[in-house]
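Structure record follows, encoded as structure tokens.
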Amino acid sequence: MYRIVKAEKLAEKIYLMDIEAPRVARSCQPGQFLIVKMDEVGERIPLTICDYDKEKGTVTIVFQTVGASTEKMAGLKEGDFFMDVTGPLGKASEWIEEDIEVLKQKKILFVAGGVGTAPVYPQVKWLHEHGVDADVITGAKTKDLVLLEKEMEAVAGNLYITTDDGSYGRHGMVTKVIEDLVNEGHHYDFCIAIGPMIMMKFVCLLTKKLEIPTIVSMNPIMVDGTGMCGACRLIVGGEVKFACVDGPEFDGHLVDFDLAMKRQQSYKTEEGRAMLKLQEGDTHHGGCGHCGGDK
Ligand code: NAD
Ligand code: FES
């Protein structure tokens, strides 16, 4: 059992929890995710890791209530327990393998959209702790939905907040801020964009035009997080990949976002899943064979 040591409501429908999971915390690296399960019959919920403290042995998750399971999860309080916390899963961000001195020479731009701000934070923090101060754009619909502002300010080189309605920070979507920064003379060697699928798609269309290599996190399309369900199948550079096993981070300029978003809609219904299994055959999932998709 994994005890919740902090439970906080950050904004409407958005919650933060620190959970005691020392073995998970010890091995965490930026870019990875974990899976929580509330009880024996509970759904497995994959979530990107918002923070980790190797000494305290805690991991931090931030989630938005989107259905019955996350709604129930939001009701958990400090002192309650998760039955399972599995992780860290997925591959760590590729750039952590780079020589730190080389990384220090690079100008890095993070683009964080809404709840996607949570998984951006550990990456910016890791870089800051290694002497690299990256620029961060955080976008939210409105002032009350701006997340982790103080935390991000403490680790970012420059933090640019923007709201769709102009109620706080700059006015407009994150793509407008990218264009403004480039027009103001900023140069970026690479960009990491994490947020809703539609945001990542439009950030990538823009950064392709601006010739800024861009990494995205395909966590939003995951369901079971183990390569078995086939939910997170996507096409990257013409190849079939699974976000939970091969990612979650990919070269955003190679991701077929339109297909991924269409597929995400189809996956929601039983009929849609049956159609995907039929169309995709033995490439429907990571190969467990449980769903019969490759029979
Ligand atoms: P949101 O809809 O409020 O969007 C956040 C920001 O993204 C906006 O303020 C805007 O600046 C930008 N944006 C949105 N649409 C855009 C467009 N068409 N063009 C350019 N920029 C655009 O976000 P939210 O409601 O907080 O997001 C929830 C989503 O975030 C969920 O779908 C969840 O799956 C996803 N999420 C993704 C990750 C990940 O790893 N990629 C992690 C956590 C959450
Ligand atoms: Fe099920 Fe990746 S989330 S296969």
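Read the numbers this way: they start at 1 and go in the same order the structure lists the ligands and their atoms.
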Task: Best match, Ile198, Leu147, Asp164: closest heavy atom to atom 10 (C) of ligand 1 - done: Asp164
Task: Residue Val223 vicinity, atoms of ligand 2 by number, heavy atom under 4.0 Å - done: 3 (S)
Task: Heavy-atom donor-acceptor pair, Thr162 side chain to Val174 backbone, under 3.5 Å - done: no
TODO: Tell me which one of Pro46, Pro196, Pro248 gets a heavy atom nearest to atom 32 (O) of ligand 1.
DONE: Pro196
TODO: Taking only heavy atoms of Ala140 into account, list the atoms of ligand 1 that are under 4.0 Å away from them.
DONE: 9 (O)
Task: From the candidates Lys141, Met173, Lys176, the one that places a heavy atom nearest atom 22 (C) of ligand 1 - done: Met173
- [ ] Would you kindly confirm whether Met218 and Val245 end up in one hydrophobic cluster when ILVMFWY residues are joined by side chain heavy atoms under 4.5 Å apart?
- [x] no
TODO: Return the orientation label for the Phe63 and Tyr15 ring planes: parallel under 30°, perpendicular over 60°, tilted otherwise.
DONE: parallel
Open item on the list: Between ligand 1 and Thr48, is the shortest N or O to N or O distance under 3.5 Å?
Closed with: no
Task: Which segment of Arg233 sits under 4.0 Å of ligand 2 when only heavy atoms are counted - done: neither
Task: Protein residue, atom and distance nearest to atom 5 (C) of ligand 1, heavy-atom basis - done: Gly114 N, 3.3 Å
Open item on the list: Between Val59 and Tyr2, is there a side-chain heavy-atom distance shorter than 4.5 Å?
Closed with: no
Task: Met200 touching ligand 1 at heavy-atom level, < 4.0 angstrom - done: yes
Open item on the list: Counting only heavy atoms from other residues, nucleotides and ligands, does the tally under 6.0 Å from CD of Glu94 exceed 12?
Closed with: no
- [ ] Report, as yes or no, whether the 6.0 Å neighbourhood of atom NZ on Lys209 holds more than 12 heavy atoms from other residues, nucleotides or ligands.
- [x] no
Task: Mode of Met197 contact toward ligand 1 - side chain, backbone, both, neither (heavy atoms, under 4.0 Å) - done: neither
Open item on the list: Which of the numbered atoms in ligand 2 are under 4.0 angstrom from any heavy atom belonging to Gly225?
Closed with: 1 (Fe), 3 (S)
Open item on the list: Would the distance check show the side chain of Gln32 and the main-chain N or O of Gln29 forming a donor-acceptor pair, the cut-off being under 3.5 Å?
Closed with: yes
Task: Contact atoms of ligand 2, heavy-atom distance to Gly230 under 4.0 Å - done: 1 (Fe), 4 (S)
Task: Nearest non-hydrogen protein atom, atom 14 (C) of ligand 1 - done: Met199 CB, 4.0 Å
TODO: May I ask you to identify the nearest protein heavy atom to atom 40 (O) of ligand 1, giving residue, atom name and distance to one decimal place in Å?
DONE: Ser217 OG, 3.0 Å
Task: Side chain, backbone, both or neither: Val115 near ligand 1, heavy atoms under 4.0 Å - done: both
TODO: Run the numbers for me: atoms of ligand 2, each under 4.0 Å from some heavy atom of Met228, listed by number.
DONE: 4 (S)
Task: Short N-O contact, Asp258 and Lys201, less than 4.0 angstrom - done: yes
- [ ] Would you mind listing which atoms of ligand 1 come within a distance below 4.0 Å of any non-hydrogen atom of Asn219?
- [x] 39 (C), 40 (O)
Task: Ser167 side chain to Thr142 backbone, donor-acceptor under 3.5 Å - done: no
Task: Contacting atoms of ligand 2, where contact means under 4.0 angstrom from a heavy atom of Cys229 - done: 1 (Fe), 3 (S), 4 (S)
Task: Contacting atoms of ligand 1, where contact means under 4.0 angstrom from a heavy atom of Thr175 - done: 20 (C)
- [ ] Using a 4.5 Å cut-off on heavy atoms from C-beta on, say whether the side chain of Leu148 contacts that of Cys50.
- [x] yes
TODO: Specify the closest pair of heavy atoms between Gly195 and Pro220, including all atoms of both residues, with the distance to one decimal.
DONE: O-CG, 4.1 Å
TODO: Return yes when at least one N/O/S atom of Cys232 is nearer than 2.8 Å to atom 2 (Fe) of ligand 2, and no when none is.
DONE: yes
TODO: Show which atoms of ligand 1 fall inside a sub-4.0 Å distance from at least one heavy-atom site of Gln64.
DONE: 25 (O), 28 (C)
TODO: Of the side chain and backbone of Val174, name the one, both, or neither that has a heavy atom under 4.0 Å from an atom of ligand 1.
DONE: both
TODO: Could you tell me the residue and atom name of the protein heavy atom closest to atom 34 (O) of ligand 1, and the distance to it rounded to 0.1 Å?
DONE: Pro220 CB, 3.3 Å
TODO: Might you work through the salt bridge (charged side-chain N to carboxylate O under 4.0 Å, His left out) test for Lys176 and Asp180, ending with a clear yes or no?
DONE: CA-CA 6 Å; Lys176 173 156 191 314; Asp180 289 348; 3.0 Å; yes
Task: Where ligand 2 meets Cys244 - atom numbers and elements under 4.0 angstrom, heavy-atom basis - done: 2 (Fe), 3 (S), 4 (S)
Task: ILVMFWY network linking Met199 to Leu147, side-chain heavy atoms under 4.5 angstrom - done: no
- [ ] Specify which N/O/S atom of Asp224 comes nearest to atom 1 (Fe) of ligand 2, by atom name.
- [x] OD1
Task: For the student: nearest non-hydrogen atoms of Met197 and Ala260, plus distance - done: CE-CB, 3.6 Å
Open item on the list: Quick one: does any side-chain atom of Thr214 pair with a main-chain N or O of Cys204 as donor and acceptor, under 3.5 Å?
Closed with: no
TODO: Tell me which protein heavy atom sits closest to atom 39 (C) of ligand 1, plus the residue, atom name and distance to 0.1 Å.
DONE: Ile194 CG2, 3.3 Å
TODO: From the options Pro119, Ala243, Gly195, select the one whose nearest heavy atom is closest to atom 42 (C) of ligand 1.
DONE: Pro119
TODO: Check the hydrophobic clustering (I, L, V, M, F, W, Y; side-chain heavy atoms under 4.5 Å; chains of links allowed) and say if Val203 and Met152 are grouped together.
DONE: no
